[in-house]
Number of protein chains: 4
Amino acid sequence: MSAAKPQPRRVHSGNRRDDAARLAVLHAADDLLVEHGFGALTVEAIARRAGVAKQTIYRWWPSKVEILLDTLIEDSEKRLPVPAGSPTADSIRGYVRGFARFVTRDPAGKVLLALLAEAQHDPGTAKSLHERFLGPRRVRERELLATGTEAGEIAPKLGPDATIDALLGPVVYCALTGASVPRGLVDTLCEDLLRPRAD
Amino acid sequence: MSAAKPQPRRVHSGNRRDDAARLAVLHAADDLLVEHGFGALTVEAIARRAGVAKQTIYRWWPSKVEILLDTLIEDSEKRLPVPAGSPTADSIRGYVRGFARFVTRDPAGKVLLALLAEAQHDPGTAKSLHERFLGPRRVRERELLATGTEAGEIAPKLGPDATIDALLGPVVYCALTGASVPRGLVDTLCEDLLRPRAD
Amino acid sequence: MSAAKPQPRRVHSGNRRDDAARLAVLHAADDLLVEHGFGALTVEAIARRAGVAKQTIYRWWPSKVEILLDTLIEDSEKRLPVPAGSPTADSIRGYVRGFARFVTRDPAGKVLLALLAEAQHDPGTAKSLHERFLGPRRVRERELLATGTEAGEIAPKLGPDATIDALLGPVVYCALTGASVPRGLVDTLCEDLLRPRAD
Amino acid sequence: MSAAKPQPRRVHSGNRRDDAARLAVLHAADDLLVEHGFGALTVEAIARRAGVAKQTIYRWWPSKVEILLDTLIEDSEKRLPVPAGSPTADSIRGYVRGFARFVTRDPAGKVLLALLAEAQHDPGTAKSLHERFLGPRRVRERELLATGTEAGEIAPKLGPDATIDALLGPVVYCALTGASVPRGLVDTLCEDLLRPRAD
DNA sequence: TCATAATCGAGACGGTACGTCGGGTCTTCGG
DNA sequence: CCGAAGACCCGACGTACCGTCTCGATTATGA
């Protein structure tokens, strides 16, 4: 590091999309959200922080919401995968517990909350969030329940969507209100909703 | 010269706060939110629509969020009161059903969703929402459960906050994702959570 | 002074115009102009400083300019009277010297400069300034020259208005540009313009 | 679809300053001053009239005063240059006459009067006006007198600054009071002040 | 080999809304 | 009726971002 070169200025890759710029944007967005909240998440601030021109952002993302969706999708697939294969009652309960942890403690969970919030303010966000995150994930969650039911691991008394809403809803609501998820809540719901009465 | 009086100009009340202006602001905010969404809810737009000077808004409300809170508090007390007196299992279930209707179909419910959303973006909103709406209402909801439990009407298996989160959370989550509350969801939850297994 | 009475609140006189309020306004205007410049001279600031309601100002003065004109007229008649009676060449020169002092050093002179300036920005000010100050004073100055000429004290080579403009103009210009009046300027002009060449 | 191109929208020049915007601002300011006076000369009005964003004005000018100074400097150098080279008594008198015309009849002269006025209200304006207009011009005027004196064309009886103030002051004063410069005033002053007594 | 084409940083541009300030009008209330 | 107080509508202030644009430089590609 020489003092004579204060800005080593990341060199870009010519003709092709610059992946370094892409990552810089994603991380800048993530960091700004976590550090200063959604209010500080302006395109200008992201560009500043990422050391990127605004135009570079607008070239690749239609809005800051899509940036957040990109990070959310990547992170959630790493840190909160929907269990595949043949689930057990335990693994399903584990997923709900993981969801609670994700949404209340993981920085990436803040991104989901922020997008869920922004979706209330802007229909375009709602559409994107459903198409790119909520919808696909819900499909896999339904498969999870279906496979578990077929295998006799669980016997939900409600329909699949109702069951999922009943399990995840309280967790999300707690996160949105800044509360921690009360101890026992997830387990009780899993027992009540996934086991038949005559268990 | 008579026709040259183009400004009938609402007359205001001198030294005291002008209640007509107050109501005009509240209604304008409500209308704008319902008609064009939170994104269009700027102080300038409210002022324009209400026929009021911006300064009059800033004089009485620190932010547009407080305007919405004012309307939410007024409306929710009219349209979704927490049952007082001695509750029955039925009246408690009725409250949860009413909550579902409020939050998915009542225009005033949109205000709650918008504020819950904005609270994710701005800590000040979160604070106000808790202090002025969520907190006081939660107090009354806890009393509802406590009275019902003492009277032997219900026997919740979870703690009061967990019970309330488990009942209202799914409803709020459905509303936030734009889904309607699945038929049977509320009833099933009430049965499971408010009655002991061996009922 | 008792701590229990923080505002001794000047008592007003009921039915008649309150002269204390009138003076408080005039002094407040004067003080604000001298201390913080014309930019700080708002009606609100005058009212604050004078401990007077805005309406009291608007009731008696059509604008802050008229307030300044009131003080200017009062002060200039005290501190820079146009010599009356039978003038000598010396007394005329003394008047011009006095004018220079007034306009460059006397705080009341700042009021004249401010009004002359404001007259460039606002035709109403120009009108008032002429009607209430410049015009009447010019009348007396012309009389001064006329009487002096008749008495043989002076023999102006230019017409009366031209002479006055030529004598006072440089002084005003110096004041406006923040310069002091160069030594010898006034005397030389008086000699050249009031005495015939072959004197 | 072809006629659907309603925005011909002046195209701007990318990374560099848009000269069209610069000129639009200068002309808008000039026009507003002449048409509606300094009172109507708000940044918002200039922006509106010039078809320019407010930010574009604030980007390049610290205040509306500097806009006026820009136009004044440009215009005065075109329409009222200080004679260069070797002056004659006639060319010097011609300059003073030109100054009188400029300040009483040329729209650009109104800009000078407005700035001189605003300088009374605001020290920053005074500073700028001196540094960018009055000072440099005064330097050239002193050179004019010095050169003329050396050449024997004139023999001022007063110092250079006093001479200039005595020549221009009356003209400016007449302009400020809305009067026309009395016939003979300029010529008489030039004769008296630029020629030695024993002429 | 070298023109072409796409990307990048930079940042000017026309806009909209922000929250504040002062202007001038009005009404209430106490003396 | 006067004066203090202060709410009201209005419009300008100077700032922050929006999303679009043009620039000049950089670099991989293919004629």
Side-chain angles (χ1 to χ4, degrees), chain A residues 7 9-18 20-21 41-47 50-60 62-64, chain B residues 7 9-18 20-22 40-45 47 50-60 62-64, chain C residues 7 9-18 20-22 40-45 47 50-60 62-64, chain D residues 7 9-18 20-22 40-45 47-48 50-60 62-64:
Chain A
Q7 66 281 48
R9 193 69 77 53
R10 177 161 41 71
V11 127
H12 59 80
S13 43
N15 214 350
R16 295 263 170 277
R17 174 164 189 182
D18 183 349
L41 196 74
T42 68
V43 173
E44 301 236 345
I46 298 173
V52 141
K54 262 200 301 177
Q55 184 55 38
T56 300
I57 297 184
Y58 284 110
R59 195 175 354 253
W60 301 108
S63 75
K64 66 186 178 187
Chain B
Q7 64 283 41
R9 196 65 82 44
R10 175 163 43 72
V11 127
H12 53 80
S13 40
N15 214 354
R16 296 265 170 275
R17 176 166 190 181
D18 183 348
R22 188 186 133 262
L41 197 74
T42 67
V43 173
E44 301 234 343
V52 140
K54 258 200 302 180
Q55 184 55 45
T56 298
I57 296 184
Y58 284 112
R59 198 182 342 262
W60 298 109
S63 74
K64 64 186 178 186
Chain C
Q7 65 280 47
R9 195 68 78 50
R10 177 163 39 73
V11 126
H12 58 81
S13 44
N15 213 344
R16 296 261 170 278
R17 175 164 190 183
D18 185 348
R22 188 185 132 262
L41 197 74
T42 67
V43 173
E44 302 236 342
V52 141
K54 263 202 299 179
Q55 185 54 37
T56 300
I57 297 184
Y58 283 111
R59 199 180 340 258
W60 298 109
S63 75
K64 65 186 178 186
Chain D
Q7 65 282 44
R9 195 65 80 50
R10 173 160 45 74
V11 126
H12 52 81
S13 39
N15 214 354
R16 297 262 171 276
R17 176 166 190 181
D18 183 348
R22 188 187 131 261
L41 197 75
T42 67
V43 174
E44 300 234 344
R48 258 195 310 269
V52 140
K54 259 200 300 180
Q55 185 54 44
T56 298
I57 297 184
Y58 284 112
R59 198 180 346 258
W60 299 110
S63 73
K64 64 187 178 184

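Since the structure is predicted, the reported quantities are computational estimates derived from the model, not experimental observations. In what follows, every chain begins at residue 1, and chains take the letters A, B, ... in the order their sequences are listed.
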*Rounded to whole angstroms, how far apart are CZ on C:Arg22 and P on F:dC2?*
16 Å

*For B:Lys54, check salt bridge (charged side-chain N to carboxylate O under 4.0 Å, His left out) against everything at least two apart and list the hits.*
B:Glu44

*Does A:Ala45 have any side chain to side chain contact (heavy atoms under 4.5 Å, CB included) partners at least two apart in sequence or in another chain, and if so, which?*
A:Leu32, A:Thr42, A:Arg48

*Only counting residues at least two apart or in another chain, list the ones meeting side chain to side chain contact (heavy atoms under 4.5 Å, CB included) with C:Ala40.*
C:His36

_A:Trp60 vs D:Arg59, nearer the 5' end of DNA chain E by closest nucleotide_ = A:Trp60

_B:Trp60 vs B:Arg17 side-chain heavy atoms within contact, under 4.5 Å_ = yes

*For D:Thr56 and E:dA12, is the shortest distance between a side-chain N/O and OP1 or OP2 below 4.0 Å?*
no

*Rounded off to whole Å, could you give me the CD1-to-P distance for the A:Ile57 and E:dG11 pair?*
15 Å

*Heavy atoms only: give me the nearest A:Lys64-A:Ile46 pair and the separation to one decimal.*
CB-CD1, 4.4 Å

_With rounding to the nearest 0.5 angstrom, report the CD1 to CZ distance, D:Ile57 to D:Arg59._
11.0 Å

*Which whole-number value in Å describes the distance from A:Arg16 CZ to F:dT26 C1'?*
15 Å

Pick out the pairs of N or O atoms, protein on one side and nucleotides 13-15 of chain F on the other, that lie under 3.5 Å.
| unit_1 | atom_1 | unit_2 | atom_2 | d |
| --- | --- | --- | --- | --- |
| F:dC13 | OP1 | D:Val43 | N | 2.8 |
| F:dC13 | OP2 | D:Val43 | N | 3.2 |
| F:dC13 | OP2 | D:Glu44 | N | 2.8 |
| F:dG14 | OP2 | D:Tyr58 | OH | 2.5 |
| F:dG14 | O5' | D:Tyr58 | OH | 3.4 |
| F:dG14 | N7 | D:Lys54 | NZ | 3.0 |
| F:dG14 | O6 | D:Lys54 | NZ | 2.7 |

